[in-house]
Amino acid sequence: MPIQLYDTHSRSLRPLEAEANQPFRFYCCGPTVYGPAHIGNFRTFLLQDTLRRCLEVDGQAVQHVRNLTDVDDKTIKGAIQSGLSLKAFTHQWTEKFHADCEALNCLPPHEEPSAVEHIPQQIALIQQLIEKDHAYATEGGSVYFRVSSFENYGSLSRLKERELKSQSNNSAGQPNDADEYTREAVSDFALWKCRKEEDGDNFWSSPWGEGRPGWHVECSAMIESSFGGAILDLHGGGVDLCFPHHENEIAQSECAHGRPLCKHWFHSAHLMVDGAKMSKSLGNLYTLDDLCAKSFSPMAVRYALIAGSYRQQLNFTIETLHAAESALAKLERFASSLLDKTAEPSSALEHYIQPGNPESFDRFSKAWEALSNNLNTSAALGALFGVVGSNPASTLDAPGARRTLTAFGTLLYALGIKLFTKKNTELNIPEDVRAMGQERWEAKQARKYERADDLRNALLEKGWAIKDKPDGFEIEPK
RNA sequence: GGCGCGGUAGCCAAGUGGUAAGGCCGAGGACUGCAAAUCCUUUAUCGUCGGUUCGAUUCCGACCCGCGCCUCCA
């Protein structure tokens with residue numbers, strides 16, 4: 001049974017299957033690299049990553065391509081403000097994005113094309129559109145897509161053309177382009193923007209004069225060049241991209257190439273924070289670094305961001321993150337109970353975290369079914385904890401524990417969850433803390449409880465907690 | 001105004017025409033010198049009002065409330 005996923009275009013659940021002997025062609029709109037990505041961005045990328053992992057577990061050869069938007073209004077503005085070249089500016093934020101992705105255990109896409117490196121392809125695409133009369137150049141040297149020339153325009157988002165307002169205003173309500181009045185219709189969108197003073201050095205020459213590409217055309221051109229003219233199996237992005245970006249991509253690609261752009265559209269709902277849309281003005285916009293600074297682990301962030309199903313807005317709170325840390329700890333205890341049976345250290349768990357084979361899901365089959373059925377991460381996690389609660393380790397022998405670990409590991413792979421990531425990085429307990437712990441233990445053994453409790457409280461104030469065991473004690477960060 | 005989504009326990013969040021997964025928190029118990037950690041147990045009738053049905057949280061209708069997109073946006 002292939003994985004089923006809701007398709008925005010047909011508004012129905014449809015199976016995800018590549019053509020015979022072909023990779024599963026998976027394209028995602030990537031980040032605009034003008035600053036650190038926030039957790040809302042990452043929710044989308046994490047969900048896409050989780051879907052990709054599920055496809056791999058399902059046995060498909062996924063070709064995952066995610067672009068970098070490194071030339072647009074925001075990157076150009078940011079570069080000029082920071083006094084860096086566009087390339088240097090976007091490079092630093094690309095590096096940061098990669099580092100965050102790695103911390104969140106996001107698999108790198110197989111290809112990550114850069115928009116600025118595909119300008120010739122974009123120009124070629126625009127030329128094709130002009131030749132086919134789907135686009136026109138204005139006197140000012142910009143090029144627009146003629147929306148009225150594409151009958152299906154609006155089918156993805158169900159916007160009738162007559163309902164379209166202008167695509168020509170920026171967020172301040174000002175026209176984007178000086179030559180706005182030379183465009184034929186307000187709903188026409190820019191493919192090529194003529195050079196403007198505020199763009200600084202960031203312009204390229206084209207048959208229509210110097211300028212730069214429009215945002216939408218970047219994706220169409222990169223898809224064409226990465227997938228060599230094949231139809232995409234899946235295209236993903238946040239819901240906000242549905243219109244106009246994806247709608248425009250469809251118009252450009254289908255008009256230029258005369259075939260459908262994509263078979264399946266995957267849109268993930270937005271992340272809310274404390275019940276409201278994230279925004280800088282509300283002070284509820286978090287980056288990964290912001291959360292790590294509050295000493296949450298990146299893995300808890302991943303867990304929290306994928307714990308709700310993707311079609312539902314997820315309400316993120318700091319409490320969610322505490323819940324994620326606790327849930328992760330519970331999974332670690334579960335893994336430990338199985339690893340005890342196989343006499344392996346916790347570090348051995350990673351060998352079990354593999355794409356594996358769906359045939360072997362065993363008692364985790366409900367969890368896999370949930371993932372297969374429209375990427376229901378929430379139900380999958382629920383089913384996972386159902387198994388955890390049944391405490392299978394108590395009745396398993398070593399081979400049985402190994403089988404259970406294999407199934408469990410496959411599921412962890414699908415969800416992109418790594419365990420025991422915290423312990424490995426926090427083993428440096430200061431010497432004085434260690435000594436206090438030892439002294440407290442000795443006082444306790446000598447039944448000098450007052451002294452022992454004082455030391456325990458003192459350690460707590462320093463941020464360290466003592467966990468007593470029958471034959472000794474451990475010190476952990478509070 | 002157009003298109004779309006949602007209202008489930010203190011919080012987050014699945015799900016189903018036959019009396020509601022899971023996580024967190026809380027409470028009770030075990031353990032402990034007392035704690036912590038851990039383990040066990042435990043907390044809802046599903047926005048409101050109608051309708052269909054033997055039976056609805058789940059289907060239909062109305063209403064109320066919240067949210068998203070329609071403009072750069074994951």
Side-chain angles (χ1 to χ4, degrees), chain A residues 8 11 28-32 34 37-48 69 72-74 77 154 157-160 162-176 187 215 236-245 247 267-272 274-279 303-305 307-331 333 366-367 370 373 376-389 391 444-445 447-450 452-453 456-457 459-460 465-470 473-474 476 478:
Chain A
T8 309
R11 299 193 176 191
C28 300
C29 293
T32 301
Y34 72 109
H38 60 245
I39 57 172
N41 297 315
F42 280 119
R43 169 155 151 94
T44 295
F45 297 132
L46 250 14
L47 255 2
Q48 291 163 348
T69 297
D72 79 319
D73 301 87
K74 284 186 264 192
K77 194 176 164 198
S157 51
R158 318 254 152 147
L159 281 171
K160 300 275 187 290
R162 64 176 180 278
E163 290 163 0
L164 290 175
K165 293 179 184 161
S166 170
Q167 290 190 31
S168 62
N169 289 344
N170 62 24
S171 52
Q174 300 298 315
N176 275 329
S187 56
W215 174 43
V239 272
D240 53 294
L241 294 186
C242 192
F243 180 87
H245 187 241
E247 205 73 75
H267 289 110
S268 39
H270 274 174
L271 184 73
M272 309 290 283
D274 297 329
K277 187 181 177 181
M278 259 193 314
S279 71
Y303 185 100
L305 293 178
S309 56
Y310 77 95
R311 290 241 287 148
Q312 212 61 52
Q313 285 178 351
L314 179 68
N315 189 22
F316 180 91
T317 62
I318 289 297
E319 204 178 328
T320 310
L321 234 29
H322 282 119
E325 294 280 20
S326 298
L328 248 17
K330 201 166 184 173
L331 292 178
R333 269 176 256 130
K366 255 180 92 175
N373 185 202
N376 193 337
T377 45
S378 184
L381 254 9
L384 192 60
F385 280 101
V387 177
V388 170
N391 189 19
K444 183 190 165 186
Q445 293 305 299
R447 296 178 180 268
K448 292 177 184 165
Y449 295 126
E450 212 170 302
D453 291 352
R456 184 170 64 195
N457 290 333
L459 279 168
L460 264 179
I466 286 195
K467 289 187 184 178
D468 280 344
K469 300 190 157 194
F473 67 97
E474 279 179 8
E476 288 184 0
K478 193 169 73 174

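Chain A is the first sequence line, chain B the second, and so forth, proteins listed ahead of strands; every chain is numbered from 1.
- For the pair A:L331 and A:F385, the minimum side-chain heavy-atom distance is below 4.5 Å.
- Taking the P atoms as reference points, B:G15 lies 12 Å from B:C59, given to the whole Å.
- Between B:C60 and B:G66, the two C1' atoms lie 23 Å apart (nearest whole Å).
- Annotation: of the two residues near RNA chain B, A:G308 and A:A324, the 5′-most nearest-nucleotide partner is A:G308.
- When heavy atoms are screened at a 4.0 angstrom cut-off, A:L314 is found touching the sugar-phosphate backbone but no base atom.
- No more than 12 heavy atoms of other residues, nucleotides or ligands shown are found within 6.0 angstrom of CD on A:E450.
- Within the 4.0 angstrom heavy-atom criterion, base atoms lie near A:H38.
- Minimum atom distance to the side chain of A:L241 is reached by B:A74, of the listed B:A21, B:A74, B:G68.
- By the salt bridge (charged side-chain N to carboxylate O under 4.0 Å, His left out) test, A:K366 pairs with no residue at all, sequence neighbours left out.
- Residue whose closest nucleotide on RNA chain B sits further toward the 5' end, between A:A307 and A:K74: A:A307.
- In this structure, A:E474 atom CD and B:U32 atom P are separated by 19 Å, rounded to whole Å.
- Among the protein residues, A:G386 comes within range of no part of the nucleic acid, since none of its heavy atoms lies under 4.0 Å from any strand.
- Phosphate proximity of B:C12 to A:N315: present, with a side-chain N or O under 4.0 Å from OP1 or OP2.
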In dot-bracket, 5' to 3', how would RNA chain B read with Watson-Crick or G-U wobble pairs under 3.5 Å, [ ] for crossing ones and | for pairs to another strand? (((((((..(((.....[...))).(((((.......)))))....(((((..]....))))))))))))....

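- Side-chain nitrogen and oxygen atoms of A:S309 include at least one within less than 4.0 Å of the OP1 or OP2 phosphate oxygen of B:A14.
- Evaluation of the salt bridge (charged side-chain N to carboxylate O under 4.0 Å, His left out) rule for A:E474 yields A:K469 as partners, not counting sequence neighbours.
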Sugar-phosphate or base contact per nucleotide [nucleotides 5-10 of chain B; S, B, -; heavy atom under 4.0 Å]: SS---B

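- Among A:L46, A:L47, A:I39, the one residue that satisfies the side-chain contact (heavy atoms from CB on, under 4.5 Å) test with A:R43 is A:L47.
- Scanning for ring-ring contact (aromatic ring centres under 6.0 Å, His included) contacts around A:Y449 gives an empty result, with sequence neighbours left out.
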When every nucleotide of nucleotides 33-44 of chain B is labelled 5' to 3' by its protein contacts under 4.0 Å (heavy atoms), B for base, S for sugar-phosphate only, - for none, what sequence of letters results? BBBBSSS-----

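- Annotation: B:U41 and B:U45 have their C1' atoms spaced 22 Å apart (nearest Å).
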